[in-house]
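Here is the structure we will look at, set down as C-alpha cells.
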Amino acid sequence: MTVTANERLGLAPTDPRPASETQPAADRTETNPLFGDQKMKLGLFGTNCSYGLIMSHAPSSYEITWEHTKEIAQRADRLGFDVLVPVARWKGFGGSTNFNGNCFETYTWAAGVAEATERIAVAATSHLPTMHPIVAAKQATTVDRISGGRFALNMVMGWVPPEMEMFGSEQREHDERYAYGQEWLNFVNKLWTEPGTFSIHSRYFDAELLEAYPKPHQGPRPALLNAGNSPSGIEFSARNVDFNFASLDTLENIKAYVEKVKSKARDDYQRDIHVMTYGLVVCRDTEEEAKRAFQQVVDEGDWGAAGNVIKIAGSGASQSFDHAVKEMQERFIAGWGGYPIVGTPEQVTEELGKLNEAGMEGMIFGLIDYNEELKYFGDNVMPLLKQAGLRH
C-alpha cells in the first residue's frame, strides 16, 4: 500500500472548510445566460484563432490581437449574445493560411474575456488529453469566479493526431477517448463539488488526498458543452453535458438528430439536454451580395489546409464530420464543416427560425469579418429576430 506524503511527513489533516470555500455562490440559472430564456440562443465561435471559421484569403479586418478579440467580445456582449466559444488549437492545419495556427490558449483567453465583459457566457475549449483534471478544474473555477458564474467548459476528446504527437503521445482509439473523457470529467466534477478531501483510483487516474477550494461560483457546476456527434459522442453528451453542438447538413437530419440525443438523455439518464449548431453566417443587403461574398470565401480558399483537415477527419480521427468529408468539402473552407446561412437579414432570420423549429435551441457562428459584420448583424438582424419571437 502506498504511503502518502501526509503520512510520511506526519502532516496535520485539513480541518473542515467553511461554506464560502465548499459551496457555490449562486445557482447557475441566475448567473449563466446559457440557461436563460432566449428561444434561439446566439454565440460567436472561433474568435481566438486566425481566420476564425474560414480557411480563406477572402478580405477581412479580423486579426489575432488581444485588442481585436476583446472588442469583438465586448460588442457581442452589448448586443445581448449568449456565449463566446473559442477553438482549442495547439498546431495549425498548414497550407497557405496555416489555418487556426495563430491562436490564444482558451482558459487564459476566457479569463481575459470574462473580465472584459459583463453578461455573456464565456467558454474555454479543452482537449482533455492535454490538460490534467486538477489543473483544468482549478482554471475553470478561477474563470468562473472572475466572471461571476458565466463560465462554460467545452470538452474535446482530442481528434488531431499531429497535435497529440506534440504532447508526446499517440492518439487513442476513438471510443477509448470517450472512456478517458468520462473518467476525466468524473475527476473534475468531484473537485468542483466534494466538500472535503478524497482520493481517486481508476483506469486512467491515480491520485491521493485531493482537495480543491473554492468551488465554482455557479452551482451545481459550470455549464458543460460537447460537440461529439458519433455514437460514443452522443452517449457522452447524453450522460454528462448541458449542450451538445451538432454539425449537420439538412433540416430533416437535424430533427432526427435532436430527437435522438434528447431521447437518449431522457430515457437512459433521466436528464434534459439542449442541442445547438454552428456554422458561417454571411448576411448582406441583397441575396446576390451575400452569395457573392460566400463564393469569394470559397474561391479564395486555402485548399491545402482544407485538404489536411479532410484527410485527418477522413482517417477516422473524428466521426463528427463524416457527411462533410464525403459530400460538402466547401463547408470546411466556409464554416469549418458547419451549417451555412447566407442571405439578407430577412433570410438569415428565416433560416434561424427554421433551425429553431427543427429543434436547435441556438447557434454559435463565425463571420467573415467578425467585428464589422457584428455591427451589421446587430443593426439589421437582431431587431428581426425579436419581431419573429426568437429573441427578446
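Between Tyr107 and Ser126, the side chains place a donor N or O and an acceptor N or O closer than 3.5 Å (distance only, hydrogens not considered). When only modelled atom types and interatomic distance are considered, Glu208 and Asn6 share no side-chain donor-acceptor pair under 3.5 Å. Using a 3.5 Å distance cut-off with no hydrogens or angles, the side chains of Glu372 and Ser61 do not pair a donor with an acceptor. There is a side-chain donor-acceptor pair under 3.5 Å between Ser202 and Glu183. Looking only at atom types and distance, the side chain of Glu346 has no donor-acceptor partner in the side chain of Thr349 under 3.5 Å away. Defined by atom type and a distance below 3.5 Å, a donor-acceptor pair is present between the side-chain atoms of Thr108 and Glu105. Side-chain N/O atoms of Thr106 and Arg89 include no donor and acceptor closer than 3.5 Å. The closest side-chain donor-acceptor pair between Glu361 and His274 falls under 3.5 angstrom. Residues Asp302 and Thr97 have side chains that bring a donor and an acceptor to within less than 3.5 angstrom of each other. Remark: the Arg266 side chain and the Ser263 side chain contain an N/O donor-acceptor pair separated by less than 3.5 Å. There is a side-chain donor-acceptor pair under 3.5 Å between Glu176 and Tyr204. Checked by atom type, the side-chain pair Asp144/Gln218 shows a donor-acceptor distance below 3.5 Å.
Annotation: Lys138, atom NZ; neighbour count of heavy atoms from other residues, nucleotides and ligands within 6.0 Å is above 12. Few gaps surround CG on Asp267; more than 12 heavy atoms of other groups in view lie less than 6.0 Å from it. Heavy atoms from other residues, nucleotides or ligands lying under 6.0 Å from NZ of Lys260 number 12 at most. Counted within 6.0 Å of NZ on Lys262, heavy atoms from surrounding residues, nucleotides or ligands total more than 12; the atom is thus considered enclosed. Counting non-hydrogen atoms of neighbouring residues, nucleotides and ligands closer than 6.0 angstrom, the CD atom of Glu118 reaches no more than 12 such neighbours.
The shortest distance between side-chain heavy atoms of Phe294 and Leu280 falls below 4.5 Å. Put simply, the side chain of Ile64 does not reach to within 4.5 Å of the side chain of Asn48, judged on heavy atoms. A 4.5 Å side-chain heavy-atom check between Ile333 and Ile54 finds every atom pair outside the cut-off. At a threshold of 4.5 Å between non-hydrogen side-chain atoms, the residues Arg292 and Glu288 count as touching.
Considering every non-hydrogen atom in both Ala25 and Arg145, the closest pair reads CB-NH1, 4.2 Å. Looking at every heavy atom in both residues, Val282 comes nearest to Ala293 through CG1-CB, 3.8 Å. Here the shortest heavy-atom pairing between Lys264 and Ala238 reads CG-CB, 3.6 Å. Closest approach of Val297 to Ala334, counting heavy atoms only: CG1-CB, 3.8 Å. The two residues Met164 and Pro129 come nearest to each other via the heavy atoms SD-CB, 4.2 Å. Closest heavy-atom contact between Asn154 and Thr125: ND2-OG1, 3.1 Å.
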Start with the C-alpha distance between Lys255 and Glu357, add both sets of side-chain angles, then the distance that settles salt bridge (charged side-chain N to carboxylate O under 4.0 Å, His left out), and finish with yes or no.
-> CA-CA 9 Å; Lys255 289 178 183 178; Glu357 289 175 11; over 6 Å; no
Given the rule in the side-chain hydrogen bond (donor to acceptor under 3.5 Å, both in side chains) test, do Tyr376 and Asp285 qualify, once you have shown the distances and angles that lead to the verdict?
-> CA-CA 10 Å; Tyr376 183 87; Asp285 287 338; 2.6 Å; yes
Report the C-alpha distance between Lys354 and Glu350 in whole Å, list the side-chain angles of each, state the deciding distance to 0.1 Å, and finish with yes or no for salt bridge (charged side-chain N to carboxylate O under 4.0 Å, His left out).
-> CA-CA 6 Å; Lys354 289 178 180 178; Glu350 183 180 0; 3.7 Å; yes
Show your reasoning for whether side chain to side chain contact (heavy atoms under 4.5 Å, CB included) applies to Ile341 and Leu355.
-> CA-CA 10 Å; Ile341 296 181; Leu355 285 171; 3.9 Å; yes
Determine, step by step, whether Lys291 and Glu287 satisfy the salt bridge (charged side-chain N to carboxylate O under 4.0 Å, His left out) criterion, reporting the C-alpha distance in whole Å, the side-chain angles of both residues, the deciding distance to 0.1 Å, and the verdict.
-> CA-CA 6 Å; Lys291 287 183 175 179; Glu287 182 179 358; 2.9 Å; yes
Please step through salt bridge (charged side-chain N to carboxylate O under 4.0 Å, His left out) for the pair Asp242 and Arg221, ending with a clear verdict.
-> CA-CA 11 Å; Asp242 303 295; Arg221 55 160 174 74; 2.8 Å; yes
Taking it one step at a time, do Val281 and Val348 satisfy side chain to side chain contact (heavy atoms under 4.5 Å, CB included)?
-> CA-CA 8 Å; Val281 172; Val348 169; 4.2 Å; yes
Can you check side chain to side chain contact (heavy atoms under 4.5 Å, CB included) on Asn229 and Asn244, steps first, answer last?
-> CA-CA 8 Å; Asn229 304 153; Asn244 176 269; 3.8 Å; yes
Applying side-chain hydrogen bond (donor to acceptor under 3.5 Å, both in side chains), run through Thr117 and Arg150 and close with a yes or a no.
-> CA-CA 10 Å; Thr117 55; Arg150 294 182 283 128; 3.0 Å; yes
Side chain to side chain contact (heavy atoms under 4.5 Å, CB included) evaluation trace for Met155 with Trp184 | CA-CA 10 Å; Met155 296 176 290; Trp184 189 98; 4.2 Å; yes
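Classification of the Tyr51-Phe99 ring pair by plane angle, with boundaries at 30° and 60°, yields tilted. The aromatic rings of Phe365 and Phe377 sit tilted relative to each other, their planes meeting at an angle between 30° and 60°. Ring geometry for Trp336 against Phe332 counts as perpendicular: the plane angle is over 60°, on a 0 to 90° scale with 30° as the lower cut. Between Tyr278 and Phe45, the two ring planes are perpendicular [angle over 60°; tilted spans 30° to 60°].
The other members of the hydrophobic cluster of Leu11, by chain and number, are Leu9 (side-chain heavy atoms under 4.5 Å, ILVMFWY only). Grouping Ile, Leu, Val, Met, Phe, Trp and Tyr residues whose side-chain heavy atoms lie under 4.5 Å apart, directly or via other members, places Met166 in a hydrophobic cluster with Trp90, Phe167.
Note on Glu71 versus Arg75: salt bridge recorded, some NZ/NE/NH1/NH2 to OD/OE distance being below 4.0 Å. Salt bridge Glu235/Arg239: absent, no basic N to carboxylate O contact under 4.0 Å.
Ser60 places a side-chain N or O within donor-acceptor distance of the main-chain N or O of Ile368, the cut-off being under 3.5 Å. Without hydrogens or angle criteria, Glu63 side chain to Thr65 main chain gives no donor-acceptor distance under 3.5 Å.
A cation-pi arrangement is absent between Arg203 and Tyr180, since the terminal nitrogen or guanidinium carbon is not both under 6.0 Å from the aromatic centre and inside a 45° cone about the axis.
Remark: Glu252 pairs with Thr250 by the side chain to side chain contact (heavy atoms under 4.5 Å, CB included) rule, at least two apart or across chains.
Among Ile72, Ile364, Val83, Ile120, the one residue that satisfies the side chain to side chain contact (heavy atoms under 4.5 Å, CB included) test with Leu44 is Ile72.
The structure places NZ of Lys39 at 12.0 Å from CG of Leu352, a figure rounded to the nearest 0.5 Å. In this structure, the separation between NZ on Lys190 and OG on Ser199 is 8.5 Å, given to the nearest 0.5 Å.
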